[in-house]
Every structure is written in structure tokens, then in C-alpha cells.
2 protein chains.
Amino acid sequence: MQKRYFSLPCSHPPNGPPEPYYQPAMTAAGNHQASRSTGRRLERAGIRDVAAAAGVSITTVSDALNGKGRLPDTTRRHVREVANRLGYRPSAAARTLRTGRSGLIGLTVTTYGEEPFTFTEFAYFAEMARSATSAALARGYALVILPASSHHDVWSNVALDGTVVIDPSDHDPVVTDLVRQGIPVVSDGRPTGNLPVHAWVDNDHEDAMRRILDHLTDAGARRIGLLTGTSTDTYTRLSTAAYLDWCERVGQEPVYESYPAHDPCAGAVAADRLLARPDRPDAVYGLFDPNGTDLLAAARRYGLRVPEDLLLVCCSERAAYATTEPPISTLSLKPGRIGTAVVQLLIDAIEGIGAGQPVQQVMPTDLIVRASSQRRQPRTTVSSPRPPSGG
Amino acid sequence: MQKRYFSLPCSHPPNGPPEPYYQPAMTAAGNHQASRSTGRRLERAGIRDVAAAAGVSITTVSDALNGKGRLPDTTRRHVREVANRLGYRPSAAARTLRTGRSGLIGLTVTTYGEEPFTFTEFAYFAEMARSATSAALARGYALVILPASSHHDVWSNVALDGTVVIDPSDHDPVVTDLVRQGIPVVSDGRPTGNLPVHAWVDNDHEDAMRRILDHLTDAGARRIGLLTGTSTDTYTRLSTAAYLDWCERVGQEPVYESYPAHDPCAGAVAADRLLARPDRPDAVYGLFDPNGTDLLAAARRYGLRVPEDLLLVCCSERAAYATTEPPISTLSLKPGRIGTAVVQLLIDAIEGIGAGQPVQQVMPTDLIVRASSQRRQPRTTVSSPRPPSGG
DNA sequence: GCAGTGAGAAGTAACGTTTCTGCATGAGTG
DNA sequence: CACTCATGCAGAAACGTTACTTCTCACTGC
């Protein structure tokens, strides 16, 4: 026991708080150590040491600490006290090897460049990761952050009970490999292609689109434009399809511009293009996080007032949109709820709850209405609606 | 191989993409399985199966795959091919148990409430975590997110090679326990008390404070106020001390208000208090992330123009401060660099590089000067400096 | 012809748990 | 009184690696 303290920069005395049942217990560990030829570094007390010190078998120690077996409370308490006194910590590796459970969940984010996180979806990811961590912890699991397209080494070096994948790409090799190994995978976002995930959680993007378009119409919009992406992920696809669908239903000619969503500059250019069109929309919804500022800047360049001349909504989790001039209405995907749901489904799959049935869970979104999409503002004089410039 | 697919909600045919070298290889695993009495779930190929299939011993397999031992390239290649064909993945748990290395690093964030992340430092934490993850991955380690004051269970359930602690509190029980187990701990932020971390990384807060105060003076400030915290963490302590020191040196009466930094509302109140004082400062530095908006709002309430009547700087990583009206100068702690440095030090300690000497590393900060702290603005007419209202 | 050498590979003991099985003992039954 | 049966515990076999030691040749130099 003292030896352990010698090598540590620890200033308090080697004798801990007074404990009952004190015996020269570490001698057992000492003998044990002496019997082993390999001199390892800092010797931690193992289950054997506890068993020897408590005068029972290792079976009894294991059972006592794990609440299993048929043991009277006296034995259980005694073993626990001894374990405590020796500072015994079970080896996670040994337990994992034996039980096949590591208590570890992978959190995988798709990477666009070298860095493991995408910046475009950062606020979303941050909140999602936060809630996922919370949810996992609450059920006794910890999250390991892993990049989707990493060196394979890292992936195979960590024992995962399951993995959460955010926006998996088509035929993601990592996901396929994990599933092939029998490791449950749950994705945030509908998997494209036929990626064999066990479950997924996604927002109801079609419903969200309809609600936004209706909201803009209610606010007086006559021609609603869309800023969308060229990529083929489900979010973009579903949203754009819902927009086109809505246009057809209400009889509006679609007015949209698409750009590669992962290119931060392209958004501003596309926003400009959209407002430069002869059939300029009097309301725009931007599918991606930076579109709010992009559109606001473009509107300024064209001398358009928001919301008087142009109504604006964008999909984002950024708190900053509450304090822009004017504040911009946003659609929140509620990443916190998603993160929680994904983790719950994954752990259910890991623990065999729900019979391993694949599950799809569609989550609602939140439309946060701010000044940018309201013609009638509470604290302002009512401005008469302006006729749209092109129709 | 087919059996594995049966239990999966996988819609594509059981035969994957065409693979070279296909043989009924799983029979090896099958026999292996048959020889064992316990019928476990999905059988993964183990090193034994590879050895049997390749017609060599498990030692040879291990050596071939790990690049060790004395093996001719032919054997090595052969073993690798067989391993590949069987889809062999070494068991991380077994490796960890045997080698004592898990390749896992804990990332611990102090929690104020129930949630594992602090919101106040969120932009800082996000960037720090991102870069720490990158740095760890680059050296073959993965990060596990763990809350500082969590159920002890989670901590002892994961085999950690080391831990990064962000802003450890006084005598943190988790840190003390980890160190007692001989697990290297490196902290972001100087440890308070005599917490026995192996190394720490921190910004040069005194230097930062001096630079900011000098900058504000250069911009015309006559009386510089400080918005600071009541807590006793080193950041607050060092910064406040440096401020007082500077005041004494230049002969200015200190003008500061402190508030509990973890209370989001208190900041706005304290900002108000600061500007309501009879000896109102004509420049303010806010130590915490939200202080920029707090102070801007307070200035508006008092009819003070920024930067004409009040110069403003605050310590934050928020990108949003670049687009406020006016844009606010910020001090960036460069969390990316910190995250990288912390991880490097930790992995050095884990791998025994640097002889286990405790290391302290002080990192520079970045002052990002924006309109809020410049009386002379590039694109504006020069406004004559106003006399400070109180002195 | 024979010890010496070194390559190539096999044998086997750990690593620290959990869990299955088994062995006593004593109390309750017909 | 033989019997079941529950209780309290111990023994030992995994779990899947890695690493240390040993073995077998074939080839060298003397």
C-alpha cells in the first residue's frame, strides 16, 4: 500500500481514513506479486488480492461485488469493505473480455475534410452529441468519438457495443463492416441506399417543409423560394421533393437555387442568384445553417428589407439568429431529442430489448418564428404589405 | 456467413459484393464453434480460426499481423490474406487485457448541472474537443467523453490509458482516484489546490490581460472596467489579479463587478451594475463568453454608443461576435491549440516519453480586434474622442 | 564431423474477470 | 432415518490475445 504512494506526487499521509477490519492485507498482494516473476509497474489490487484479504474465494468476491450469487449480507458487506480498503477497481478489459460487453458506444460523424467534425452542422452536432452523451451515461454507457472515414486501426482497437452514425453516407464501409460483425448500428438520419442499420431516427422533413411554406403563406408570401443543396442525402432530397410537391399543389412555379452544401462560399453566391432572378421570390427558406446570414446579406445588397420585402426562414440551431437584425425565424431539428432517441434505440438493440426488430422513428421539428417571417411585428407599426416585385 | 445475415433487417441479398478468395472459410469457425460447448451468439472469427485456416500457429498469426517476430514476407502475406478473407478482427478487449493498453483517452468536462457539458464555455469546449479528438486519432487513440462528477460506475467500467480534464475543480475526487491508480492525467487549465495531475496546459492569462488593457488604452480608454467572476478558479483569479496589478501600475482606480459565472442571468445584471456606477468606465473587458452581448445590451440601455462612448472586449470563441452591431473584439484562448497540446502531453506521458516529468505548458492567446474597441474605424469618419463621463 | 548460429515457427503461460458446476452442511420432510 | 432441498461457498474453465521460451532444422566454419 505504501509503495503505491511513494511514486505519486500525493501530499496526504499514506494511511487513509480509519477503517474497520483492517488487516495487513496487502501482504497477500505482496506475496501474490512476489510469486509472479514479471515486475510490472504500479501494482493495482486484483480480485485475487481482495479474495485473499477477505479470506474468501474470488468467486465470492465477484458475486459479492456484483450482487449475484447466494451470499448472506454479512459476507457481502465484508467483501465490499475489504475491496474498498484495498482500493480495488475491477479491470474493465477483463470484464469486457469475459462478458462481451464494453459499455462503450461509438459516435461517428461524417467528415468532409481532415477534421473529424463537420463545421457546417456544428451547432446541430454539438447539441446532438451532448444529449447523446447524457442519455448514454444515464444508462451506464460512455460515448467514444470516432470519425467515419478514419484509419481502420482505431475502429478495430476499441471494443464497441454499438455505434451511432450521424448522416451515414451511401454504402458506408465502416457501417457495413460493423453490421457484418454483428454490432448494432443506429443512424441519425435515414440511411441512403440499403445501408443495413438496425434503426434510424430522423425528423419529419416533409411535414416541416409544409409547415414552413404554410407559415410563410400566412405571413403574406406570394412566391416562396428555396435555397437547397445539390447533394443527394435524404434531408435535401426529401425537403426539396416536399417543396416541389407543395408548389404543385398550390399552383406556384418553383423558384429554387441549389449549391453544394459543404462549400461555405457557394451558399452566399446561391443566395445572391436566387434574389437576382427575374421571378424574385418574396419569401425564402434556406435548408442549411448559414443560409440565414447568406440571405440577409444578399437582401441587403439588393436593397430588400426583411421582412417587409422579403420573408426569411432557415433551418438552423444557431442561437445567433435570435439576435441578428432582424432576428431570423429558424426551423430547429431538435438535435437534443434526436440524440436521446438514437441512443435509446441503440442501447435497446444492444440489450436485446425490442426483439432486434428494425425501428424507424420520425421526430417532429420546431418552427421558431421571429421577426424575419412576420409582416406584422408586435412592437412595430404595421406596415402595409408590399406587392411582390415580380408577380 | 449467411447465418449472420439472417438475423439482420438487411434488404440486400445475403451475398455481398463479390469478394476474391472466397472459400467456405467459416467452416473453420464452425468447427471451432462445434468444439466449444457454449453456444454463443454471432461467432466472429478468432485468431485460432485464422491460424487453423492458414495452417500455422496462433503465435505466427499474431506476429504476422502485428509486424513482429521473424517471419518471411510470404508467410506474413499469406496469414494476412487468410485473416482478411475470414473477416478477422482482433478482440480489442483481449488485447487490452494482455497489453494493458486500451488506446482510449478520457475527456472530462466539469459539469455544473445535470448535463455533461457546460453551456457557458460551449464554443470553447466544442473547439477544444474537436482538436483533441483529431490529435488523439492521429496518434491512434480515441476519446471517451466522461462527465467529471458521474456515477463512479461508468468510470471504472472503461479502461482508460489516460485522461484529459478540463478545468478540474479543487481536489477533484475523480482525478485523485485516477492518479492513485497510476493513470496519467493532464489538465486544461492550471489545477487548483495540489491536485496531482501529471501535466497541464493553460493560456498566459496575465499576458493576455495586459495586452488587452494596453490595447484599450491605445484606443483611447481612460478608465477600463472589468466584468469578472466570483469563483476561485485559476482563470478568474489570475485574470483579476493581473487587472488589479495593471491598475496599480498605471495608477488607475480598479472598476470591476463580479458575478457567479455559471449563472447566465447574473452576467447581464452585473454588466448593468458596471455601467451604472458613478465612476463609469469608458472601456470594459468581460472575462466570460456571454459578456459581449451582456455589455452591448447594457450600453444600449444607457444610451452609450460602442465604440464611441464605450470600448468593448470580451473573452470568447463565438463567431457571432464578428457580426454583432458593432462587431465585438474578442480574446480567443485558441482552444484548438490547447486541445492538441493537452493530448500530446497526455500521450507522451502514457507512452513514457519525457521520463514522466510533470510538464506545464503556457499557450499564447489571440486578440481579435474588431470595431468595438477601435475609436478610429477604417470605413467611418473619424469621431473625436469623447471625454469619459466620470473623470 | 560437429559445435555454433540463426531463421522460422510452435508451445504455453499469463492478463483479470465471470460463470458454470460441484461440494459440503444443515434444515425441513414423509 | 433416509430423502430432498436450499444455502454458502470454492474450483476451474473459459474469454482472445501477446510475449516469452523452446524446438527444429539447415547451414556455416573449423
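Since the model is a prediction, treat every value here as computed from it, not as a measurement. Heavy atoms only: backbone and side chains are in, while hydrogens, waters and symmetry mates are out. Here is how names work: the chains are called A, B, and so on, in the same order as the sequence lines, proteins then strands, and each is numbered from 1.
Contacts of A:S102 classified as side-chain contact (heavy atoms from CB on, under 4.5 Å), with partners at least two apart in sequence or in another chain: A:T96, A:L104, A:A159, A:D161. Taking the side-chain contact (heavy atoms from CB on, under 4.5 Å) definition, one finds that B:V56 meets it with B:A54, B:T60, B:V61, B:V79, sequence neighbours left out. B:L178 is linked by a side-chain contact (heavy atoms from CB on, under 4.5 Å) to B:W155, B:T163, B:V174, B:I183, B:V185, counting only residues two or more places apart in sequence or in another chain.
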(request) List the steps and the verdict of side-chain hydrogen bond (donor to acceptor under 3.5 Å, both in side chains) for B:D348 and B:Q344. (result) CA-CA 6 Å; B:D348 285 351; B:Q344 300 297 0; over 6 Å; no

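Nearest to the side-chain atoms of B:A94 among the listed nucleotides D:dT17, D:dC20, C:dT17 stands D:dT17. The side chain of B:S57 lies closest to C:dA10 when the candidates are D:dT18, C:dT18, C:dA10. Candidate nucleotides D:dT17, C:dT19, D:dA10 were compared by shortest atom distance to the side chain of A:D63, and C:dT19 ranks first. Here C:dT17 is the nucleotide among C:dT18, D:dG16, C:dT17 with the atom lying nearest to any side-chain atom of A:S91.
The line from CZ of B:R139 to CD1 of B:I105 is 8.5 Å long, rounded to the nearest 0.5 Å.
Pairs passing the salt bridge (charged side-chain N to carboxylate O under 4.0 Å, His left out) check and including a residue from residues 50-65 of chain B, sequence neighbours excluded, do not occur.
For C:dG8, its base never sits under 3.5 Å from the side chain of B:T60 at any donor and acceptor pair.
B:T59 comes within 4.0 angstrom of a base, heavy atoms only.
For the segment residues 65-78 of chain B, the set of residues with a heavy atom within less than 4.0 Å of an atom of DNA chain D comprises B:N66, B:K68, in numerical order.
Direction change of the helix axis from one end of the helix from C:dG1-D:dC30 to C:dG30-D:dC1 to the other is 50°, with five pairs defining each end axis (rounded to 10°).
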